[in-house]
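Below you'll find the structure, written out as structure tokens, and then a few comments.
Note on naming: letters A, B, ... go to the chains in the order of the sequence lines (proteins, then strands), and numbering restarts at 1 for each one.
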Amino acid sequence: MNFVGIDMGSTCSKLVALNEAKEIVYKEVVPTGWNCVETAETLLSHLEAQGIPKDAFRSVATGYGRVSIPFADKCITEISCHGKGAVAIFDEPDFTLIDIGGQDTKVIEIKGGSVKNFYMNDKCSAGTGRFLEIMAGTLGVDLNKLCELGRQSQNHVSISSMCTVFAESEVISLIGRGTDKADIAYGIVESIANKVKSQMGRVSSDPAHLRLSGGLCEVPFLLELLSEKLGGEVKTDPLARYAGAYGAALFASELK
Amino acid sequence: MAKEYHPENPELAEILDSFKNSRELGTMAVKSAHEAGKVIIGSFCQYAPMEIINAPGFCNFSLCGLNYDPPVPLAETKLPANLCPLIKSSYGNVLGDYCPFAHYADLVVGETTCDGKKKMYEMLAEMKPMYVIHLPNNPDWERSLEAWRDELEKFRKELETRFNVTITDDDLRRTIKISNEERRQQARIYELGKFDPPAITGMQMRSVMSSVYYLIDKEEKVQKMTHMVDLLEEAWREGKGPYKPDEHPPRILISGAAIEGVKEKTLEIIEDLGGAIVCYEGCCGISNMRRPIDETKDPMTALAEKYLDVPCAVMSPNQRRYDQFRDTLDEWKIDGVISVTVHSCLPFGIESHTLGKICEEKGVPFMHLLTDYSPGDEGQMRTRIEAFMEMLH
Ligand code: SF4
Ligand code: SF4
């Protein structure tokens, strides 16, 4: 029997498959696209190709598209799944997890190995991965390049608008004024870090135990800026991108 | 999960059913009151002293807007978009003549509560006869009580001269007595949530509370409520409550304001996901129902005392609300608190922070849901509520 976790986010879908010993035997990321049900089928066919056919696994779905996965045995929210996955990945009982997702940013307080409190941004996309993408688009670069550029900034500028729409016009007027791209990029990444900082105030956290999960954990410059703003090193792990899917797979292994 | 009542209890099923369509009940009530030639007063708030309004036989109807479309988009043609949706909806309902209660109202009564409402009243006065009672901010000062008593006296005079009636102290004593009884029965409805498992669901509480509001005949109203609560208690004792006797759903306290307008995406989901809403705190919550008006005192003083005691977030400082909140956590054996507030509601939004701190102190999980009448955040609300429920398990 295998255990499968699927984290269907607004931009990317992550999958983790475990064996009986709860070791990861397969993982992948695919774009979610427009149709969640189709994405779910694609994932299913990939699993089959890996020798994990439909009747040989139990699965838990999470993420915003969790209800669109017809073959999942159970749906559990991304808060619980990220928490569970992160506890296993970081192998610690007490920490604060920051997850910058495509559509929302979550701050999750973990105590004694389980979720004790959490905060999620509301409707607005400020401070999310989507914000970074839109801003990168405005600068005509991709997300990784944006962060690289930011690191090269000599004269930091700051983007004061929290709102994506206003921030975009702020960026456009900076471009119009001939401000260096790298400086604008810095301002953009910094505004994410500031937003996360204000969200951190909603839960209790210890700057000595900060962890990052989600799609942006492979962006070193963001980690640096976050650490600087939050007053403590923000650590991550190559697996942290899969925290939600991993947690879901672990939940699947506990299903009766 | 909570179920509907057993069919073998048709009487109870019928009573609860009769409370399902509060809006229709209200529309019928206001029309027949108007046709019977009664004076109709529209009000917005727990601070509107219904005993004074009812004393000369006037009817009181709430004009609080609860819906998004059409009133909110219409209101936004005049009011700022970043204003509390309850205020926009109430105003838009009058502007578009969508609300039967406002339509028939002979006078609209407001109080100086939050800033948005005060300013909206100024604009409402262009469309409707309007009277604003001035509410002091600090409930603890002796001089607040004096000023408030004077304001209520002025309001009583206003009703007398405007409608050419006299309101005697005896009239007031009569309406005080009946409204005390009314609040006592309303408190009992919330107290059904103290049973383990609860003898009523949170959604039933809401539909009953919003429907009884429209029973104009107070004697009938008290009787109907008393009977219903008796039946619910009896059903519970026979093991036929909304939950199975051995079920112990997580007991949730709801706190906040303007909840009625967002109940589908918050309250309904909470109970759908297996939580049991056992009590409400805030504007229409338990505390207001619990404290009766002193029947031995001069009626105007007793009324002033009672209404200054409404635990609304427009008061500052608001220690009374926090104390009552703490007591409610203990008395209802609360497992989790969800504070529901709407965008741009500053008073309740800010006080949410303090409620969260009290919960932390008492080790009760707490979540603040910030939402709006406008659609679009149903999915996010559900995820948050679901995660909160998973956390309680
Ligand atoms: S919340 Fe306060 S201001 Fe609003 S209706 Fe209730 S008592 Fe009045
Ligand atoms: S919900 Fe808040 S902002 Fe809206 S009317 Fe009530 S107190 Fe005022």
Item to check | Intermediate values then yes/no, side chain to side chain contact (heavy atoms under 4.5 Å, CB included), A:Lys106 and B:Arg384 | outcome: CA-CA 11 Å; A:Lys106 308 178 256 295; B:Arg384 270 181 236 189; over 6 Å; no

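- No more than 12 heavy-atom neighbours from other residues, nucleotides or ligands sit within 6.0 angstrom of CZ on A:Arg202.
- Here the CD1-CZ distance, from A:Ile79 to B:Phe388, works out to 12.0 Å after rounding to the nearest 0.5 Å.
- Within a 6.0 Å radius of NZ in A:Lys27, other residues, nucleotides and ligands contribute 12 heavy atoms or fewer.
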Next on the checklist: Could you walk me through whether B:Met367 and A:Tyr119 satisfy the side chain to side chain contact (heavy atoms under 4.5 Å, CB included) test, starting with their C-alpha distance in whole Å, then the side-chain angles of each, then the deciding distance to 0.1 Å, before giving a yes or no?
Outcome noted: CA-CA 8 Å; B:Met367 174 170 68; A:Tyr119 178 80; over 6 Å; no

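- Residues B:Glu390 and A:Thr77 have side chains in contact (heavy-atom distance under 4.5 Å, counting atoms from C-beta outward).
- In this structure, the portions of A:Ser80 lying under 4.5 Å from any heavy atom of chain B include both its backbone and its side chain.
- Expressed to the nearest 0.5 Å, how far CE of A:Met120 lies from OG1 of B:Thr383 amounts to 5.5 Å.
- At most 12 non-hydrogen atoms from other residues, nucleotides or ligands lie less than 6.0 angstrom from NZ of A:Lys74.
- Other residues, nucleotides and ligands place more than 12 heavy atoms under 6.0 Å from the NE2 atom of B:His248.
- In this structure, A:Arg66 and B:Glu386 have side chains that are in contact, with non-hydrogen atoms separated by less than 4.5 Å.
- With salt bridges taken as basic N to acidic carboxylate O contacts below 4.0 Å, none links A:Lys116 and B:Glu360.
- Taking every heavy atom of both residues into account, A:Val115 and B:Met391 meet most closely at O-CG, 3.3 Å.
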